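In what follows, a structure is listed as structure tokens, so that the remarks can point back to it.
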Amino acid sequence: MLMNSSPASDPPRPQSLQDLFVSFTWLALQGFGGVLAVVQRELVEKKRWMTQDEFIEDWAVAQIMPGPNVVNLSLMIGGRYFGLKGALAALAGMLTAPLIIVLLLALAYAQFADHPGVAGALRGMGAVAAGLIAATGLKLSSALLKNVLGLPLCIGFGVLCFTAIALLRWPLVYVLLGLGGMACTLAWRKLRGN
């Protein structure tokens, strides 16, 4: 009788600091116009370092911390697996290559900023970024079905947030504090009642 020699499979994780650095460098190099869709696909679907629920929870925390949310997420994930060294490796991976590319692009832009093709290309990239954000939002919306607030209330908060930011042009910090505070309070009350 043959026995399966592999132990119970542990969830995948970064193998080393170098793996973490290379993975976040690869994420950063794919993230033109918005990295949320890329990060979710790479970390949840391809590498499986996180579940969908873990990603949504960590992304929510990363968004309320000061600084770029994807940088915050890289610090959190690196720290989870390798402590301070992991956080620094993930941060370096997230920032090194894009910094070099942005500096080179800034030099090129200074030379060609007045060219009409450059202006058109930048407008086109804005449309693509908006599409990426919308697609990722739809993809992550399945998590709302399990949210403690329930789907109707989550949709209501989403509509209020969109209205406040996109239509009324309120500052993000006020919307985050106001609607975020209300949502957290309601969720806490519902969880406490259970």
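Heavy atoms only: backbone and side chains are in, while hydrogens, waters and symmetry mates are out. Being a predicted model, the structure only gives us computed values, none of them experimental.
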Any side-chain heavy-atom pair from [X] and [Y] closer than 4.5 angstrom?
X      : Y      : answer
Leu95  : Leu99  : no
Gln30  : Arg41  : yes
Asp58  : Arg80  : yes
Leu103 : Leu107 : no
Ile64  : Asn72  : no
Val61  : Met76  : yes

Give me the atom names and distance for the closest heavy-atom approach of [X] to [Y].
X      : Y      : value
Val175 : Ala164 : CG2-CB, 3.6 Å
Cys154 : Asn147 : SG-CG, 3.6 Å
Met182 : Phe157 : CE-CE2, 3.9 Å
Met50  : Phe55  : CE-CA, 3.7 Å
Ser74  : Phe24  : CB-CE2, 3.5 Å
Lys146 : Asp53  : NZ-OD2, 3.2 Å

Out of curiosity, [X] [atom1] to [Y] [atom2], how far, rounded to the nearest 0.5 Å?
X      : Y      : atom1 : atom2 : answer
Leu73  : Trp59  : CG    : CH2   : 6.0 Å
Asp19  : Tyr81  : CG    : OH    : 11.0 Å
Arg189 : Leu186 : CZ    : CG    : 7.0 Å
Ile77  : Leu43  : CD1   : CG    : 4.5 Å

Path from [X] to [Y] over hydrophobic side-chain contacts below 4.5 Å:
X      : Y      : answer
Val39  : Val71  : yes
Leu168 : Leu179 : yes
Val70  : Leu176 : no
Val148 : Leu153 : yes
Leu149 : Leu191 : yes

(message) If we count only N and O atoms by modelled type, under 3.5 Å, do the side chains of Gln52 and Glu45 hold a donor and an acceptor together?
(response) no

(message) Could you walk me through whether Trp49 and Leu20 satisfy the side-chain contact (heavy atoms from CB on, under 4.5 Å) test, starting with their C-alpha distance in whole Å, then the side-chain angles of each, then the deciding distance to 0.1 Å, before giving a yes or no?
(response) CA-CA 11 Å; Trp49 289 353; Leu20 205 56; 3.9 Å; yes

(message) Is the distance from the ring center of Tyr174 to that of Trp170 below 6.0 Å?
(response) no

(message) If you apply the rule side-chain contact (heavy atoms from CB on, under 4.5 Å), what do you find for Thr25 with Thr96, and how did you get there?
(response) CA-CA 8 Å; Thr25 298; Thr96 303; 5.9 Å; no

(message) Run Leu27 and Ser23 through side-chain contact (heavy atoms from CB on, under 4.5 Å) and show every step you take.
(response) CA-CA 6 Å; Leu27 284 175; Ser23 296; 5.7 Å; no

(message) Before you tell me yes or no, could you show the steps for Val44 and Thr51 under side-chain contact (heavy atoms from CB on, under 4.5 Å), namely the whole-Å CA-CA distance, both residues' side-chain angles and the distance that decides it to 0.1 Å?
(response) CA-CA 6 Å; Val44 175; Thr51 65; 6.0 Å; no

